Structure formats: structure tokens, C-alpha cells
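The structure under discussion appears below in the form of C-alpha cells.
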Amino acid sequence: MSRKCEVCGKGQVTGNNVSHSNRHTRRTWGANIQSVKVNEKGTVKRINVCTRCLRSGKVSRAI
């Protein structure tokens, strides 16, 4: 499963771990992606959606 929201496009972000001695190592943060069933034009599809889009009601979930 790709870690990208199919509604808003939110995905993985990169940055640095910074230790107490100020050493920098690369790391990534993944978006909170959920696989949900969605009503899309009368058909039920399973898509990957971030929790922000689910909470704000940008998708209508299928029952």
C-alpha cells in the first residue's frame, strides 16, 4: 500500500533525527493512511485516505 492519500495527496515527509550531541541522520514520517470503502459515483471502491480527509468529511464512506 502506498503511503499517499488519494484525496488530498498527503504522503511521506522527510527530515532529520537530531541527537543530543546534534548529530543529524535522515528519517521519514509517514502520513496516517487508512484503507476505507467509499461511495464514488454510485459504486463502492476501496481507496487509501488520510485521517484528516476522513474526519473533515471529504469522502462518503460506504456501509
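In this text, all values refer to a predicted model and were calculated from it rather than measured experimentally.
- Note that OG of Ser35 is 8.5 Å distant from CD of Glu6, once rounded to the nearest 0.5 Å.
- Using a 4.5 Å heavy-atom cutoff, the side chains of Asn48 and Lys4 are not in contact.
- Minimum interatomic distance between Cys5 and Cys50 (heavy atoms only, all atoms of both residues): SG-N, 3.3 Å.
- Heavy atoms from other residues, nucleotides or ligands lying under 6.0 Å from CZ of Arg52 number 12 at most.
- Both Val7 and Val38 belong to a single network of hydrophobic side chains, linked directly or stepwise wherever heavy atoms of I, L, V, M, F, W or Y lie under 4.5 Å apart.
- Atom NZ of Lys10 sits about 8.5 Å away from atom CG of Asn32, to the nearest 0.5 Å.
- Annotation: side-chain hydrogen bond (donor to acceptor under 3.5 Å, both in side chains) contacts of Thr25 (sequence neighbours excluded): none.
- Contact of the Gln34 side chain with the Val49 side chain is not registered, since no non-hydrogen atoms from C-beta on lie closer than 4.5 Å.
- Checked by atom type and distance alone, the side chain of Arg3 pairs as donor or acceptor with a backbone atom of Ala31 at under 3.5 Å.
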Evaluation steps, side chain to side chain contact (heavy atoms under 4.5 Å, CB included), between Val59 and Leu54 = CA-CA 6 Å; Val59 294; Leu54 282 175; 3.7 Å; yes
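- Between Asn22 and His24 the shortest heavy-atom distance is O-ND1, 3.1 Å.
- Crowding of Arg26 atom CZ: a count of heavy atoms from other residues, nucleotides or ligands under 6.0 Å exceeding 12.
- Taking all atoms of both residues into account, the shortest heavy-atom contact from Arg61 to Asn39 is O-ND2, 4.0 Å.
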